[in-house]
Amino acid sequence: MVEGGRRLIAGNWKMHGTATALSEARAVAAAVARRQADGAEPPPRVAICPPATLVHRLAEALAGTGVLVGGQDAHAEPQGACTGDVSAEMLRDAGASLVILGHSERRASYRESDPAVAAKVEGALRAELEPIVCVGETLDEREDGQALAVVGRQLATSLPDALNGRAFALAYEPVWAIGTGRTPTSEQIAEVHAAIRTALTGRFGAHGQTIPILYGGSVKAANAREILALPDVDGALVGGASLRATDFLPIVEAGWA
Ligand code: PGA
């Protein structure tokens, strides 16, 4: 686990959820509070990243519970003529404290480049949001033996120097594992996480040791414990299995140990 750090278990609701989904988040918060009351170990940090329309209501529903609210993307600029976009300042104003940036679905669907992701990260820092920066290779790239090279390139160009000394998290999400039910082997996850740790310490020195590196891609109750026990796996970014409290809570629980 990261030096002096705490695990981060973050749910990414993607484009799922209307007002009725708030009850799932409330159930998560209630269970986390109960667990916290009778456990001696430091709890993992828990976050839920709903669609932008729910950020404000979720932040109100979870106020005072310790469960954090995050956005799923933010424009690099604070405001402007950018129809349909939301800025980091707007997310912060709505009650978010984190934001996922550079998710592979955005890289693929909106052609977000590494420099574009880096600009968004700078925007998040400007707004005092903690960025969760996503990297990960496609299946073709893995089969070509390029996984480490691709992740290394994404790290080098998606992370601005401004991150030095600032709170942020990294998420390794192999594209072929997202929403597919396929996960890499423990050896594959450990290999990439070790390479990410080396890159982070090479770049940011001692600060790089403190950055949580999350694994994401088909994390569920059945595999969370094994994945979270791997070296340099400091948390999880969870898509499908974060939508219902009954699926998400066993993953949060695995973050305790
Ligand atoms: P998944 O998604 O857990 O549904 O595979 C993870 C993610 O895309 O963050």
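For ligands, and for the atoms within them, numbers begin at 1 and follow the listed sequence. These numbers come from the heavy atoms of this one structure, side chains and all, not from hydrogens, waters or symmetry mates.
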inquiry  = Suppose I only count heavy atoms of Leu237 and a 4.0 Å limit; which atoms of ligand 1 are within that range?
reply    = 9 (O)
task = Compute the shortest N/O to N/O distance between Val238 and ligand 1 and return yes if it is under 3.5 Å, no if not.
result = no
inquiry  = Assess whether a salt bridge exists between Glu130 and Arg45, defined as any Lys/Arg side-chain N lying under 4.0 Å from an Asp/Glu carboxylate O.
reply    = yes
key: Donor on one side chain, acceptor on other, Glu173 and His103, under 3.5 Å   = yes
inquiry  = Does the Lys NZ or Arg CZ of Arg166 fall within the cation-pi geometry relative to Phe168 - under 6.0 Å from the ring centre and within 45° of the axis?
reply    = no
Heavy-atom gap Gly217 to ligand 1 smaller than 4.0 Å = yes
task = On the 0 to 90° scale, with breaks at 30° and 60°, tag the His193-Tyr172 ring pair as parallel, tilted or perpendicular.
result = perpendicular
query = Is a side-chain donor-acceptor pair under 3.5 Å present for Ser158 with Arg107?
reply = yes
message = Using a 4.0 Å cutoff against the non-hydrogen atoms of Glu173, which atoms of ligand 1 qualify?
response = 6 (C), 7 (C), 8 (O), 9 (O)
request  = Output yes when the distance from some N or O of ligand 1 to some N or O of His103 is under 3.5 Å, and no in every other case.
outcome  = yes
ask   = How close does the nearest protein non-hydrogen atom get to atom 2 (O) of ligand 1, and which residue and atom is it?
value = Lys14 NZ, 3.2 Å
remark   = Short version for Ala177: what comes under 4.0 Å of ligand 1, heavy atoms counted, is backbone
message = I'd like to know if Asp73 and Arg106 make a salt bridge, using a cut-off of under 4.0 Å between side-chain N and carboxylate O.
response = yes
task = Start with the C-alpha gap between Glu137 and Arg142, add the side-chain angles, then the distance that decides, and say whether salt bridge (charged side-chain N to carboxylate O under 4.0 Å, His left out) holds.
result = CA-CA 6 Å; Glu137 81 285 358; Arg142 168 141 307 259; 2.8 Å; yes
key: Numbered atoms of ligand 1 (with element) below 4.0 Å of Asn12, judged on heavy atoms   = 9 (O)
ask   = For atom 6 (C) of ligand 1, which of Cys49, Ser104, Gly239 has the closest heavy atom?
value = Gly239
key: ligand 1 N/O within reach of Ser218 N/O, cut-off under 3.5 Å   = yes
ask   = For Gly179 and ligand 1, does the shortest N/O to N/O distance drop below 3.5 Å?
value = yes
task = Answer yes or no: are there more than 12 heavy-atom neighbours, outside Glu226 itself, under 6.0 Å from its atom CD?
result = no
Ligand 1 N/O within reach of Gly240 N/O, cut-off under 3.5 Å = yes
